[in-house]
There are 2 protein chains.
Amino acid sequence: MLKEERQQTILNEVELHNRILLTDIAEALDVSIDTVRRDVKELDSENKLRKVHGGAISLGFTVNSTRNQNVYRLEEKNIIAQKALSLLKPGSVIFIDGGTTCSELARLMPHNLEITCFTHSLPVASELLNKPNVNVIIVGGQVSSESQTTIGANAIHNLSEIRVDFSFIGTGYVDSFYGLTEFDWDIVQVKKAVIKSSKKTVLLSISEKLNSQHRYKTCDINAINTMITELNPTDALLNSFRNHDIHIL
Amino acid sequence: MLKEERQQTILNEVELHNRILLTDIAEALDVSIDTVRRDVKELDSENKLRKVHGGAISLGFTVNSTRNQNVYRLEEKNIIAQKALSLLKPGSVIFIDGGTTCSELARLMPHNLEITCFTHSLPVASELLNKPNVNVIIVGGQVSSESQTTIGANAIHNLSEIRVDFSFIGTGYVDSFYGLTEFDWDIVQVKKAVIKSSKKTVLLSISEKLNSQHRYKTCDINAINTMITELNPTDALLNSFRNHDIHIL
DNA sequence: TAAATCCATGCAAATATAGGCATGAAAATC
DNA sequence: GATTTTCATGCCTATATTTGCATGGATTTA
């Protein structure tokens, strides 16, 4: 039996059954396991099937799992979250916004830090529930499926009744001239309420968002007390923010 | 059976049912629990599912939480949730309690049913966020890490300002004489508030909980309008509940 | 807090793999 | 046509992987 012929048979079997065992093929074609292994290895490198331990499976067989949970720019967001943590003291009362950067902050929150934390983000609340010493309070309201945060009149009203030491907020876009801007009107309203309820507002933003703007404005850049990016505070990218009265971390 | 094949099967099961038990998979695939555990662990590290104590859950349907989720008596809870769905009509305004049975109800909610749903449970809210036609409103308040629901004075006050057509509640214990009882005092207070805010109250409970009681009382059995278990309504176990004015489903 | 359940770890047996080497057949070269 | 080269193949061995089981520790549930 020719090599080509054999490999074609293997491919057919894989297509037919979605999977094969090397031992089965070896027996069926009356060749050694080693030969089949070499064939399959070759077919794998030609991307005609996928070799696995003990056999091979059809390429089309693997069903893609629902969602790729990869967080965009996780490294940068991790650095930002680390920096933000340095602002926290035991007993602080803080607010944490939605978004992946803020979720990262929640995820990295130390287990032994006793603080009270308001949030309107479900993912943030979930992360914080793992921290025994964090008192988590969710701001009630209508839940936006897109952002997984509560929004709307009720959420804004609830926010109006609190006052926290620090709020850690994210933003869609930030520019030293245009300030913080968003794509979504409802989100802007909530962020405004958050800033109004905070003694100090800390902006967490990856450098990628610097010098960009969009339709709806959350606040002027002056409304921010501290700005945290993954960059070194002396980085040239931050020059335009230095005129303002902002602490850059 | 190939390892890859097995893992693919596990993934398919998780996608299909959103939750699986390690023991079920082990039995179905005729391999040891250890093997399934190793597979699930591997799939978890590949971010294809999330491993939880005793089983695994789909990624898409959970908030970003490492907290374990209970998969105990899932079959029964599934049946109960199915029955509960039959009570819903388009336009209904309902409340869904915390607990795995209620989460199951949220998970099974049809995508095309337009309803407004209040909840104080984070997992329930997360499940409902996947349903484009469900308007989700979270009752704000302090979050109990144990139950993953909001509790306390603020939550109770927020509940006092709403009135829903149906509330679907779970309970720790239920007995035809002692009524609904709980282990936890705070939970009882919230459930009381929920019942007060509902035109009709529907109890979801697996039969295992029937004829059991605990320290704190939520309400008399008469306060319940409809009771749903996984049993056939004519089952003898339900006899003691028949004297009361309860619709047994 | 106690009982039940689940999990991580190490171990051993079975199986799979990679790479070296020998053999024989086909192909290329002289 | 004889010799050399190339290649496919099978066999062997050391190594790696997979899997079930036992154990002690961790977690969950009541």
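Computed from a predicted structure; not experimentally measured. Here is how names work: the chains are called A, B, and so on, in the same order as the sequence lines, proteins then strands, and each is numbered from 1.
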Asker: Indicate whether the side chain of B/Ser121 and that of B/Gln148 have a donor and an acceptor atom separated by less than 3.5 Å.
Answerer: no

Asker: Do A/Leu43 and A/Ile10 have side chains that get closer than 4.5 Å, going by heavy atoms?
Answerer: yes

Asker: If I take atom CG in residue A/Asp44 and atom P in nucleotide C/dA18, what distance separates them, rounded to the nearest angstrom?
Answerer: 10 Å

Asker: Before we go on, tell me: are the rings of B/Tyr178 and B/His214 under 6.0 Å apart, centre to centre?
Answerer: no

Asker: Looking at every strand, decide which applies to A/Ile33 at a 4.0 Å heavy-atom threshold: base, sugar-phosphate, or nothing.
Answerer: nothing

Asker: Where the side chain of A/Lys41 is concerned, which of D/dG10, D/dT27, C/dG19 is the nearest nucleotide?
Answerer: C/dG19

Asker: Rounding to a whole Å, what distance do you find between A/Asp39:CG and C/dA18:P?
Answerer: 14 Å

Asker: Can you tell me how far P of C/dG24 sits from NZ of A/Lys3, to the nearest Å?
Answerer: 21 Å

Asker: What's A/Val52 touching, base or sugar-phosphate or nothing? Going by heavy atoms closer than 4.0 Å.
Answerer: sugar-phosphate

Asker: Rounded to whole Å, how long is the line connecting atom CD1 of A/Ile20 with atom P of C/dA16?
Answerer: 13 Å

Asker: Confirm from the modelled atom types if A/Arg38 and D/dG10 form a donor-acceptor pair under 3.5 Å, side chain to base only.
Answerer: yes

Asker: Between P on C/dT5 and CG on B/Leu21, what's the gap in Å once rounded to a whole number?
Answerer: 13 Å

Asker: For a quick test of reading the model: is some side-chain N or O of A/Arg37 closer than 4.0 Å to OP1 or OP2 of D/dT9?
Answerer: no

Asker: Heavy-atom distance under 4.5 Å between the side chains of B/Leu210 and B/Leu231, does that happen here?
Answerer: yes

Asker: Could you state the CG-P distance from B/Leu29 to D/dT18, rounded to the nearest angstrom?
Answerer: 17 Å

Asker: Using a cut-off of less than 4.0 Å, is there contact between a side-chain N or O of B/Arg6 and OP1 or OP2 of D/dT18?
Answerer: no

Asker: To the nearest Å, how far apart are B/Leu22 CG and C/dC7 C1'?
Answerer: 10 Å

Asker: Across the strands shown, which category fits B/Lys209 at heavy-atom distances under 4.0 angstrom: base, sugar-phosphate, nothing?
Answerer: nothing

Asker: Quick one: A/Leu2 CG to D/dC7 P, roughly how many Å, whole number?
Answerer: 16 Å

Asker: Mark yes or no for a side-chain to base donor-acceptor pair under 3.5 Å between B/Asp34 and C/dC7, with no hydrogen or angle criteria applied.
Answerer: no

Asker: Around B/Asn222, counting heavy atoms of other residues, nucleotides and ligands shown, do more than 12 lie under 6.0 Å from its CG?
Answerer: yes

Asker: Is the distance from OP1 or OP2 of C/dT17 to the nearest side-chain N or O of A/Lys51 less than 4.0 Å?
Answerer: yes

